[in-house]
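The structure appears below as structure tokens.
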Amino acid sequence: MVTLRDALAAAVGHHQAGRLDAARPLYHSILRSQAGHPDALHLLGVLESQSGRPGAALPLLRRAVALLPGDADFLGNLARTLRAAGQPDAAERAFARTAALDPADAQIAFTLGALRLERGDAAGAAAAFAQALVRRPDFAEARINRANALAALGRAEDAARLRRQAVALAPAHPDALHNAAVSALADAGLDRPLSHARRLDPDLVERAGRALVRALAADPRHGAAADALLGTALSLVQAGQAPEWLLDRAARTALTVLRGNPRDTRAAAVVAYRFYRRGRTDLASRFMRRVARNFTAAEVAADFELRLWSMVRAGRRALDGLPDADAQLGAFPPLELLADPAAGSGPLLAVSCDDGYYRRFATGLLDSVEAVGGGVAVHVHVVNPSPETLADLARRRERLRLSCSRERVDFTGWDDHRRTTYYACVRFLRWHQLMTLWGRPLLHLDADCTLAGGLDALAALLDGADVGLLRDARWRGPTREITVCFAAFQPTPRGRAFLASTAAYIGAFLQEGRGFWMLDQAAPFAVLDALERRGEGPGVRWFDVLDFPWVRFIGEK
């Protein structure tokens with residue numbers, strides 16, 4: 001005769017061998033004979049949970065725990081099933097009771113900590129991970145997660161110490177390496193908004209990057225490490241502080257990420273910046289256009305990197321089919337000349353802004369022009385000037401060699417981004433018009449700056465050049481390399497052609513509704529790239545954006 005013990009042994013044998021369909025009827029047979037058999041209830045509950053049926057498992061496990069409330073195994077399996085069933089409150093209580101019943105079980109304490117960390121209870125999680133470490137001091141994952149909990153509590157130094165210990169315990173553990181990198185990045189300052197003016201500690205950046213690379217070598221599918229590497233590379237590129245090796249490695253990771261998710265725009269941008277760094281912005285531009293096909297126009301406009309790269313057309317054919325600048329002028333409000341420049345052929349300091357920027361900044365620039373003296377000739381173009389601004393310009397004409405113009409634009413229905421983009425970009429179409437009209441050199445300046453002295457030495461340096469451009473030589477990207485807070489345009493054939501093509505490039509994007517912030521910097525980069533590849537490039541006098549002593553720039557440039 002088969003006893004319940006024999007039936008249970010047979011059921012457990014099938015269960016352990018993975019033959020769940022053979023074990024299930026045996027468990028049910030035992031329960032028909034003895035409805036309150038705790039082991040059969042417990043094991044059948046575990047089986048149903050393993051089968052993905054937590055709804056069937058929970059009543060069985062609850063009955064088993066009710067029969068043997070002091071059994072930590074019963075309670076632990078109930079806790080796990082509650083968690084799988086999406087009942088985190090009940091699961092946490094069950095895990096806490098299990099940990100109290102069996103404080104020597106480091107895994108239960110670890111799981112309790114992980115659940116608390118998921119739920120945002122960093123203090124409770126840190127306590128549970130500490131309990132796990134008391135029982136298993138070599139438990140690297142518990143040390144990693146306790147570090148994460150302490151970091152969430154603002155205890156950065158304690159977190160960093162635990163992360164270093166975790167790497168020492170498990171030098172090839174991808175989670176330990178990733179977390180150590182996170183600490184190094186925070187120590188380097190990458191956990192705060194990063195600007196190109198704030199230098200990071202290169203040794204800390206190196207340590208963090210190497211740790212992320214080792215984490216991905218240990219586990220190429222480690223999503224958090226890949227995400228951190230891509231984010232680090234992008235931040236460093238934008239700040240002009242990306243080491244060559246790190247961008248190379250991030251680009252390889254990015255290609256792997258894109259194979260799994262072709263809509264990962266950060267990964268796509270890392271690849272594009274790598275092409276750009278190698279002098280192949282034409283390949284970067286084509287690559288990003290291909291990526292952008294996975295997105296709607298609205299999605300492109302909403303994504304920072306897609307938006308930037310959508311304005312970059314590089315390569316010798318980038319200007320093919322571009323409408324002529326003069327042909328586009330009819331699509332824009334007319335340029336109204338309010339005062340002509342004084343007679344002469346010398347350079348004009350050209351400033352363009354809206355009425356608000358005139359009152360906030362341009363008045364300071366004009367004050368500095370007056371202060372340095374030397375008879376600097378200035379032309380100011382204002383979009384929608386107020387009567388007060390026109391009156392101020394008229395008063396200043398009594399003291400300065402000042403000419404001015406305006407345009408009137410109906411901005412009804414335009415958002416702030418579209419308006420500011422227009423203000424920043426339309427000036428190049430206006431400079432093209434004025435160059436055609438007057439044939440004089442133009443020294444373009446942003447309104448939000450002041451002169452630091454006379455411009456005679458600057459004008460002398462431009463002799464023999466077609467254009468003068470400010471360059472950021474830190475490989476920050478095609479929309480950041482040419483910084484148009486200053487630009488000089490000479491009335492030579494190639495100087496005129498460069499300005500006309502830049503105006504045409506900008507005009508086409510604005511008319512198509514695809515012009516975004518930094519179009520004014522994407523355009524001269526793309527135009528110069530195309531003209532140089534065609535052997536038609538202007539003679540450029542380059543200036544360093546970090547060492548341009550003639551002008552004081554306000555804020556970051």
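Basis for what follows: all heavy atoms, side chains included, without hydrogens, waters or symmetry-related copies.
Using a 4.5 Å heavy-atom cutoff, the side chains of L528 and I482 are in contact. Annotation: side chain of Y505 is in contact with side chain of R313 (closest heavy-atom distance under 4.5 Å). Residues F275 and T281 fail the side-chain proximity criterion, which asks for heavy atoms closer than 4.5 Å. Proximity of E299 to R263: side-chain heavy atoms (C-beta onward) are separated by under 4.5 Å at one or more points. Within the 4.5 Å cutoff, the side chain of L546 has heavy atoms near those of the R474 side chain. The shortest side-chain heavy-atom distance between E206 and W245 falls under the 4.5 Å cut-off. Proximity of L43 to L8: side-chain heavy atoms (C-beta onward) are separated by under 4.5 Å at one or more points. Taking the side chain as every heavy atom from C-beta outward, P103 and R135 approach each other to under 4.5 Å.
One finds no salt bridge joining R249 and E244 here, because no Lys/Arg side-chain nitrogen approaches an Asp/Glu carboxylate oxygen to under 4.0 Å. Under 4.0 Å is where a charged nitrogen must lie from a carboxylate oxygen, and between R221 and D219 no such pair does.
Between the side chain of E512 and the backbone N or O of F509, no donor-acceptor pair lies under 3.5 Å. Of the possible polar contacts, none joining the E48 side chain to the A56 backbone as a donor-acceptor pair under 3.5 Å is found. In this structure, R80 contributes its side chain and G76 its backbone to a donor-acceptor pair below 3.5 Å. Proximity of a side-chain donor or acceptor of S49 to a complementary backbone N or O of G45 within less than 3.5 Å is not detected. Side chain of R136 to main chain of D105: no donor-acceptor pair is present (N/O by atom type, distance under 3.5 Å, no hydrogens or angles). Judged purely by atom type and a 3.5 angstrom limit, S51 uses its side chain to pair as donor or acceptor with the backbone of L47. Using a distance-only test at 3.5 Å, with no hydrogens or angles considered, a donor-acceptor pair links the side chain of T421 to the main chain of H417. N294 contributes a side-chain N or O that, together with a main-chain N or O of V291, makes up a donor-acceptor pair within less than 3.5 Å.
Note that the CG atom of L283 and the CE atom of M288 stand 13.5 Å from one another [nearest 0.5 Å]. Atom OG of residue S285 and atom CE of residue M311 lie 11.5 Å apart, to the nearest 0.5 angstrom. Put simply, CZ on R418 and CZ on F411 are 9.0 Å apart, with the number rounded to the nearest 0.5 Å. Here the CG-OG1 distance, from D303 to T265, works out to 3.5 Å after rounding to the nearest 0.5 Å. Atom CG of D282 sits about 4.0 Å away from atom CZ of R280, to the nearest 0.5 Å. Once rounded to the nearest 0.5 Å, the distance linking CD of E92 with CZ of R116 reads 5.0 Å.
For CD of Q511, the number of neighbouring non-hydrogen atoms (other residues, nucleotides, ligands) closer than 6.0 Å is greater than 12. With a 6.0 Å radius and a threshold of 12 heavy atoms from other residues, nucleotides or ligands, R317 has its CZ atom at or below the threshold. Atom CZ of R480 is surrounded by more than 12 heavy atoms from other residues, nucleotides or ligands within 6.0 Å.
Heavy-atom minimum distance, P478 versus Y273: CD-CE2, 4.3 Å. Here the shortest heavy-atom pairing between Q238 and R476 reads O-NE, 2.8 Å. The minimum heavy-atom distance between A64 and P38, with the atom names listed, is CB-O, 3.8 Å. Of all heavy-atom pairs between L61 and V46, the closest is CD2-N, 4.1 Å. Closest approach of L117 to N145, counting heavy atoms only: CD2-O, 4.1 Å. Taking all atoms of both residues into account, the shortest heavy-atom contact from A242 to A233 is CB-O, 4.5 Å.
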Practice problem: Could you walk me through whether W475 and V237 pass the side-chain contact (heavy atoms from CB on, under 4.5 Å) test, one step at a time? | Solution: CA-CA 7 Å; W475 296 99; V237 164; over 6 Å; no

Exercise. Begin from the C-alpha positions of L44 and R24 and carry the test side-chain contact (heavy atoms from CB on, under 4.5 Å) through to its verdict.
Key: CA-CA 7 Å; L44 181 57; R24 182 181 285 107; 4.1 Å; yes

Practice problem: Go through the steps for E305 and R266 under the test side-chain contact (heavy atoms from CB on, under 4.5 Å), then give the verdict. | Solution: CA-CA 7 Å; E305 290 294 347; R266 293 202 312 163; 5.8 Å; no

Exercise. Check the pair F516 / W309 against ring pair (Phe, Tyr, Trp, His ring centres under 6.0 Å), numbers first and verdict last.
Key: CA-CA 10 Å; F516 306 112; W309 282 97; over 10 Å; no

Practice problem: Report the C-alpha separation of D529 and R533 in whole Å, then their side-chain angles, then the decisive distance to 0.1 Å, and conclude whether the salt bridge (Lys or Arg N to Asp or Glu O under 4.0 Å) test is met. | Solution: CA-CA 6 Å; D529 181 82; R533 289 178 188 275; 3.0 Å; yes

Quiz item: Given R62 and L82, is the side-chain contact (heavy atoms from CB on, under 4.5 Å) satisfied, shown in steps?
Solution: CA-CA 10 Å; R62 285 194 175 103; L82 286 165; 3.4 Å; yes

Exercise. Evaluate the criterion ring pair (Phe, Tyr, Trp, His ring centres under 6.0 Å) for residue pair F110 and F129; output intermediate values, then yes/no.
Key: CA-CA 5 Å; F110 174 83; F129 292 131; 5.6 Å; yes

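Residues S310 and R307 bring no donor and acceptor atom of their side chains to less than 3.5 Å of each other.
Residue pairs meeting the ring-ring contact (aromatic ring centres under 6.0 Å, His included) criterion with at least one partner in residues 31-52, sequence neighbours excluded, are H42-F74. Among residues at least two apart or in separate chains, side chain to side chain donor-acceptor pair (under 3.5 Å) pairs with a member in residues 160-170 are R143-Q165, N148-R163, R163-S183.
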